[in-house]
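Since the structure comes first, as structure tokens, the remarks are kept for the end.
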Amino acid sequence: MNTIFLTPYTLIENTDYPTDTKIVIRASDFENVLFQDGRITFSFINCRFKKLEIENSDTIEFKDISIQFISCYIEEITVENIITTNLSIFFGSSILQGRIKNSNLLSVTVNNCFLNNSLFLLDLKKAVVSFTEENIYPVRWKRLLKSVNATLENLLLEKQSFYIYDCKEIVFNFNENSTDKIGLYKRPHSNNIENKIGYFLSEAEKKNFKVSLNIQYSADKEHKLTKVINAKLLALSISGYSTGEVLVENCKIDSWYIRNFSAQLGSNFYDIKPFRKETEETKLEIHKSNLDKVWFDNVSFDGYSTISLYRNKFGQTTLTACDFPTTYKGFDKIQTIENIHYPDKKDNNYFKTRYEIFVQFKKQLEASGNFYEAQKFQAISNEALKNIENLPYWDRLILKVNSLSNNHGLSIKEPFIATIAISIVFYVLYLWSLGRIFNCSDVDWNLVGYYFSFLDITHRSDFLVNKTELNGFSLTIDYFNKILVGFLIYQFIAAFRKYGKK
């Protein structure tokens, strides 16, 4: 193994390390060295490493130690043995993969990097992963790719997977171009030839990046804050017990998994929707999680093609400005299955669990004052209840009738149309039973006006003819008309007053 001892404030450029390499940071190297504020302690630029290890075995009395890798290729990096608590590591515009685990490290920052496959950031004080469009330099990237016989197309085929476990502070951020420009542009106020030309990505190019983020928490670890902001992700997975606050805001996420998760200080999920909805299957799974103190705000639940909600505790969950399906068919995407990747595997209590989930959603929406969405969940929960096998026959019948008559209190169209159609049919039968229609006599146009009297369910049985002219058939028709039309009028009024319900 090739061992490197570094001198503070030195720069190493354009160097290949074809064998396993260890960078050793020693206290002796800092003897008689004055701290220079604003300068990077150790810098590697345009270097290539096969296997790299960073080691420190003693405490270093120095205000701040930083090591950066710019435009470097690191086939595999390992950082575990660090004693000093003032060391920071920065990777910029590089290609790398590996594992960094140490609770003494001050911070690890990764900016605009490609991963060969994955990068593990474990037990760190602070982990920062960022993608910033203003720092894309085509000249640097072209030289780096050429030096390792790689192409941008091949890199884009690979999934970039970040695994961040038990870091006290996590920041994962995408900072996009705020102008309408795309492609190459000249950067002002830059004298370095490598930085003179910048590049802004198009929306199609951004969709080629397949970045996944997996965040895990352990209950026995300290967590302060997790921020995932403006991210465009192929997948986001969050699991475990966080003792800090979790914020996921303004993100586009194709597949989103929350499993066995709870947060002591609460979680906010704001403005989240799928990114590649047109080309990718989008999934949202919330599995065995405690959603107490969790706020879903402006989340596009309707945008995901499959949603699984399985054995979750909602507690004081808040739902505001979220998009839900508008039809029963759309609600079919919301399932209660143990594993979203096996949608056909359903337990025996599937519909009962589904019913209870929808009832919980209804209660949470009512608590936030969103009665519009709450009533939709009331209706869809009744549809799920109707499918429970051991439901009594008459309860099932009531649910079926209510579903047809006014869509469980949501629709005024169904009872209105049904009232007109059924009353006209009964009126025609009523007139036919009295011989006032379908005969050779002239048309009596007054019968059109008498229809409205027939529509009034309080009308007298002899409103049209004398009692002596009535027969059993006409009285039967009149009786059943009053029952059915009366029921439909009630259903119409019930649906019409749905916003007046408390």
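Residue numbers run from 1 in the order of the sequence given. Reckoned from all heavy atoms, side chains included, excluding hydrogens, waters and symmetry mates. Quick caveat, the model's predicted, so the values are computed rather than measured.
Taking all atoms of both residues into account, the shortest heavy-atom contact from I95 to L145 is CD1-CD2, 4.0 Å. T84 approaches L87 most closely through the heavy-atom pair CG2-CB, 4.1 Å. Listed here is the closest heavy atom pair of I82 and N104: O-ND2, 2.9 Å. For S381 against V359, the heavy-atom pair with the smallest separation is CB-CG2, 4.0 Å. Smallest separation of non-hydrogen atoms from S66 and I40: OG-CA, 3.4 Å. The two residues Y217 and Y241 come nearest to each other via the heavy atoms CB-O, 3.2 Å.
By the 4.5 Å heavy-atom criterion applied to side chains, T85 and K125 are counted as neighbours. Between I215 and F172, the closest side-chain pair of non-hydrogen atoms is not below 4.5 Å. A 4.5 Å side-chain heavy-atom check between I12 and L6 finds at least one atom pair inside the cut-off. Residues V129 and L121 form a side-chain contact, since some pair of their non-hydrogen atoms from C-beta on lies under 4.5 Å apart. Within the 4.5 Å cutoff, the side chain of N349 has no heavy atoms near those of the Y355 side chain. Side-chain atoms of S93 and L144, non-hydrogen and from C-beta on, never get closer than 4.5 Å to each other. At a threshold of 4.5 Å between non-hydrogen side-chain atoms, the residues Q375 and L365 do not count as touching. Using a 4.5 Å cut-off on side-chain heavy atoms (C-beta onward), N339 and K345 make no contact.
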Side chains of residues 67-81: which donor-acceptor pairs under 3.5 Å do they make with residues two or more places apart or in other chains?
unit_1	atom_1	unit_2	atom_2	d
Q68	NE2	S43	OG	3.0
S71	OG	R140	NH1	3.4
E80	OE2	R99	NH1	2.3

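Of the charged side-chain nitrogens involved, none lies within less than 4.0 Å of a carboxylate oxygen, so that E133 and K181 do not count as a salt-bridged pair. Of the charged side-chain nitrogens involved, none lies within less than 4.0 Å of a carboxylate oxygen, so that E203 and K207 do not count as a salt-bridged pair. By the 4.0 Å N-to-carboxylate-O rule, K376 lies close enough to E373 to be salt-bridged with it.
Taking CG of N14 as the start and CG of N46 as the end, the distance is 5.0 Å to the nearest 0.5 Å. Taking NZ of K168 as the start and CG of L225 as the end, the distance is 14.0 Å to the nearest 0.5 Å. To the nearest 0.5 Å, the span separating CG on L284 from CD1 on I258 amounts to 6.5 Å. Note that the NE2 atom of H341 and the OG atom of S255 stand 7.5 Å from one another [nearest 0.5 Å]. How far NZ of K352 is from OG1 of T336: 12.5 Å, rounded to the nearest 0.5 Å. Distance check: I229 CD1 to F174 CZ gives 12.0 Å after rounding to the nearest 0.5 Å.
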Problem - Evaluation steps, side chain to side chain contact (heavy atoms under 4.5 Å, CB included), between I286 and F261 - result: CA-CA 9 Å; I286 306 178; F261 170 74; over 6 Å; no
Exercise for the section: Before giving the answer on side-chain hydrogen bond (donor to acceptor under 3.5 Å, both in side chains), spell out for S130 and N111 the whole-Å C-alpha distance, their side-chain angles and the decisive distance to 0.1 Å. Expected result: CA-CA 5 Å; S130 62; N111 174 250; 2.8 Å; yes
Handout entry: Check against side-chain hydrogen bond (donor to acceptor under 3.5 Å, both in side chains), N175 and E134
Key = CA-CA 8 Å; N175 189 2; E134 66 268 21; 3.2 Å; yes
Handout entry: Test side-chain hydrogen bond (donor to acceptor under 3.5 Å, both in side chains) applied to S161 and S212, step by step
Key = CA-CA 5 Å; S161 298; S212 297; 4.6 Å; no
Handout entry: Steps toward side chain to side chain contact (heavy atoms under 4.5 Å, CB included) verdict (K101, Y165)
Key = CA-CA 9 Å; K101 178 182 180 180; Y165 298 169; over 6 Å; no
Exercise for the section: Apply side-chain hydrogen bond (donor to acceptor under 3.5 Å, both in side chains) to S239 and N260, showing your working. Expected result: CA-CA 6 Å; S239 61; N260 305 301; over 6 Å; no
Exercise for the section: Check the pair N56 / I54 against side chain to side chain contact (heavy atoms under 4.5 Å, CB included), numbers first and verdict last. Expected result: CA-CA 7 Å; N56 158 251; I54 301 176; over 6 Å; no
Exercise for the section: Begin from the C-alpha positions of E169 and K224 and carry the test salt bridge (Lys or Arg N to Asp or Glu O under 4.0 Å) through to its verdict. Expected result: CA-CA 6 Å; E169 186 175 351; K224 293 182 178 179; over 6 Å; no
Exercise for the section: Given side chain to side chain contact (heavy atoms under 4.5 Å, CB included), test F314 with F361 step by step and report yes or no. Expected result: CA-CA 8 Å; F314 286 89; F361 262 85; 3.4 Å; yes
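Checked options K277, K333, K273; the residue passing with D302 is K333 (criterion: salt bridge (Lys or Arg N to Asp or Glu O under 4.0 Å)). In summary, of the residues considered (E285, Q335, R259), a side-chain contact (heavy atoms from CB on, under 4.5 Å) with I340 occurs for E285 alone.
Between the side chain of N298 and the backbone N or O of C322 there is no donor-acceptor pair closer than 3.5 Å. In terms of modelled atom types and a separation under 3.5 Å, the side chain of S237 and the main chain of N214 share no donor-acceptor contact. A side-chain donor-acceptor contact under 3.5 Å links H223 to the backbone of T243. Checked by atom type and distance alone, the side chain of E158 never pairs as donor or acceptor with a backbone atom of N117 at under 3.5 Å. Without hydrogens or angle criteria, N112 side chain to N135 main chain gives a donor-acceptor distance under 3.5 Å.
Aromatic rings of F269 and F296 (six-membered ring for Trp) have centroids within the 6.0 Å cut-off, being under it. Ring to ring, Y199 and W141 are not that close: their centroids are 6.0 angstrom or more apart.
Both tests pass for K346 against the ring of Y350: distance under 6.0 Å to the centre and angle within 45° of the axis.
Ring pair F114/F209 is parallel by interplanar angle, where below 30° counts as parallel and above 60° as perpendicular. Using bins of under 30°, 30° to 60° and over 60° for the plane-to-plane angle, the ring pair F377/F324 lands in the perpendicular bin. F331 and F358 have perpendicular rings, their planes meeting at more than 60° on a 0 to 90° scale where under 30° would count as parallel. In this structure, F162 and F131 have perpendicular ring planes: the angle between them is above 60°, well past the 30° mark.
Side-chain contact of N2 with T19: a donor-acceptor pair under 3.5 Å is absent, judged by distance alone. Using modelled atom types and a 3.5 Å distance limit, the side chains of D297 and T320 yield a donor-acceptor pair.
Around CD of Q316, the count of heavy atoms belonging to other residues, nucleotides or ligands within 6.0 Å does not exceed 12.
Taking E383 as the reference, K386 meet the salt bridge (charged side-chain N to carboxylate O under 4.0 Å, His left out) condition, with sequence neighbours excluded. By the salt bridge (charged side-chain N to carboxylate O under 4.0 Å, His left out) test, D16 is found to be paired with R48, residues two or more places apart in sequence or in another chain being considered.
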